[in-house]
Amino acid sequence: MQGVPDEDGPDEDGATRKMRFLFGLRSQGVIAPRVLEAMERIDRADFVRGIFAQRAQEDVPLPIGCGQTISQPSVVGLMTQALDPQPRDKVLEVGTGSGYQAAILSLLCRRVYTVDRHRTLVREAESVFRNLGLVNLTAIVGDGSFGLPEQAPFDRILVTAAAEDPPGPLLAQLKTGGIMVLPVGQSDTVQSLIKVTRLQSGYDYEELRPVRFVPLVEGLAAD
Ligand code: SAH
């Protein structure tokens with residue numbers, strides 16, 4: 001395989017980069033075998049355009065269209081691991097962005113719905129999903145803070161944009177025993193990643209780690 005020159009050295013080929021990528025995930029605490037396997041199969045370079053595609057294997061967030069970003073792979077891995085998706089699960093992702101996170105979820109669950117307020121991002125993600133043959137994955141244009149009532153309830157909900165508090169409709173659309181992982185906090189200050197478990201009698205909240213995400217914005221975007 002021909003190596004693409006990058007800052008790690010001109011001779012590093014695709015296989016070596018992938019190994020370093022997986023090693024990097026493990027060193028950041030992504031250890032669940034199913035999650036690592038899914039992240040090995042989905043190539044982040046398919047979800048990043050232009051000059052940034054060369055940096056797809058680096059553990060950094062990268063710009064995508066519409067002023068948004070694709071998250072750092074280690075954060076994607078840790079969120080997926082915290083979500084603990086099961087093979088029979090129906091999952092909602094809020095914040096399709098590039099579609100990378102949704103594609104990983106699609107390998108781990110029965111059915112994935114992903115919603116974004118930017119039509120352009122949803123269209124681009126859909127075309128990547130089609131090219132990869134991911135058929136259990138549907139991308140929808142909408143304001144994800146209202147969830148997706150027509151497909152609710154969900155076994156798992158993953159939100160990849162930060163709200164001040166967990167949106168009520170999302171809490172309501174979670175099955176009993178279900179798990180939601182989301183960043184909360186004010187957009188320009190430190191946010192926390194939290195894991196919400198719906199119990200028979202209410203909700204359990206666990207704080208996982210500090211994170212930084214773009215804000216969850218109300219309404220549809222113009223593009
Ligand atoms: N999960 C993405 C990264 C998400 S970036 C990936 O794997 O690439 C956050 C995304 O949340 C952005 O695309 C933004 O448009 C979207 N977003 C923000 N507020 C939203 C809302 N209310 N409903 C749906 N999507 C929203």
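When a ligand or atom number is given, it counts from 1 through the structure's own listing order. Quick caveat, the model's predicted, so the values are computed rather than measured.
The shortest N or O to N or O distance between Ser71 and ligand 1 is not below 3.5 Å. Residue Val94 has no nitrogen or oxygen atom sitting less than 3.5 Å from a nitrogen or oxygen atom of ligand 1, judged on distance alone. For ligand 1, the polar-atom distance check against Ala102 finds no nitrogen or oxygen pair separated by under 3.5 Å. Residue contacts with ligand 1: Thr69 is placed with no nitrogen or oxygen under 3.5 Å of a nitrogen or oxygen of the ligand (distance criterion only). Looking at ligand 1, you'll find an N or O of Gly144 within less than 3.5 Å of one of its N or O atoms.
Looking at Leu216 against ligand 1, both its backbone and its side chain come within 4.0 Å, counting heavy atoms. In Ala161, the part holding a heavy atom less than 4.0 Å from any atom of ligand 1 is the side chain. Heavy atoms of Thr96 found under 4.0 angstrom from ligand 1 belong exclusively to the backbone. If you look at Gln101 next to ligand 1, the close heavy atoms, those under 4.0 Å, come from the backbone and the side chain alike. Under 4.0 angstrom from ligand 1, the non-hydrogen atoms of His118 all belong to its side chain. If you look at Glu218 next to ligand 1, there are no close heavy atoms at all, none under 4.0 Å.
Using a 4.0 Å heavy-atom cutoff, Gly142 is listed among the residues neighbouring ligand 1. Under the 4.0 angstrom criterion for non-hydrogen atoms, Pro215 is in contact with ligand 1. For the pair Thr114 and ligand 1, no heavy-atom separation below 4.0 Å is found.
At the shortest separation from atom 19 (N) of ligand 1 among protein heavy atoms lies Val217 N, 2.9 Å. Of the protein's non-hydrogen atoms, Gln68 OE1, 3.2 Å is the one closest to atom 12 (C) of ligand 1. Closest protein heavy atom to atom 11 (O) of ligand 1: Gly95 CA, 3.3 Å.
Between Glu93 atom CD and Thr160 atom OG1 the span is 4.5 Å, to the nearest 0.5 Å. Note that the CZ atom of Phe47 and the CD1 atom of Ile64 stand 11.0 Å from one another [nearest 0.5 Å]. For the atom pair CD (Gln151) and OH (Tyr113), the distance works out to 3.5 Å, reported to the nearest 0.5 Å. For the atom pair Ile31 CD1 and Leu36 CG, the distance stands at 8.5 Å (nearest 0.5 Å).
Every atom of ligand 1 is numbered from 1 in the order shown, and the set under 4.0 Å from a heavy atom of Ile70 is 8 (O). Atoms of ligand 1 lying under 4.0 Å from any heavy atom of Leu121, numbered from 1 in the order shown and given with element: 13 (O). Counting the atoms of ligand 1 from 1 in the order shown, those under 4.0 Å from a heavy atom of Val115 are 24 (C), 25 (N). Near Asp143, meaning under 4.0 Å from one of its heavy atoms, ligand 1 places the atoms 21 (C), 22 (N), 23 (N).
Using modelled atom types, one side-chain atom of Arg156 and one backbone atom of Asp84 make a donor-acceptor pair closer than 3.5 Å. No side-chain donor-acceptor contact under 3.5 Å links Asp165 to the backbone of Val184. Gln191 places a side-chain N or O within 3.5 Å of a backbone atom of Phe213 that can act as its donor or acceptor partner. Not a single donor-acceptor pair under 3.5 Å links the side chain of Arg44 to the backbone N or O of Gln57. A distance-only check finds no donor-acceptor pair linking the side chain of Asp155 to the backbone of Asp89 [under 3.5 Å]. Side-chain atoms of Asp43 do not come within 3.5 Å of backbone N or O of Asp46 as any donor-acceptor pair.
Looking at Val75, Thr160, Leu62, it is Thr160 that brings a heavy atom closest to atom 9 (C) of ligand 1. Heavy-atom proximity to atom 13 (O) of ligand 1, evaluated over Asp116, Val214, Leu158, Val122, is greatest for Asp116. Among Gly97, Ser98, Pro183, the residue whose heavy atom sits closest to atom 8 (O) of ligand 1 is Ser98. In this structure, of Arg117, Arg44, Glu93, the residue bringing a heavy atom nearest to atom 25 (N) of ligand 1 is Arg117.
Of all the heavy atoms in Gln173 and Leu148, the pair that sits closest is OE1-N, 2.8 Å.
Between Glu58 and Arg55 there is a salt bridge, with a side-chain nitrogen of the basic residue lying less than 4.0 Å from a carboxylate oxygen of the acidic one. Between Glu207 and Lys195, none of the side-chain N atoms (NZ, or NE/NH1/NH2) sits under 4.0 Å from a carboxylate O, so this pair counts as no salt bridge.
Contact check for Leu105 versus Tyr100: no side-chain heavy atoms found under the 4.5 Å cut-off. Two residues are said to be in side-chain contact when any heavy atoms from C-beta on lie closer than 4.5 Å; Val75 and Arg209 meet this criterion.
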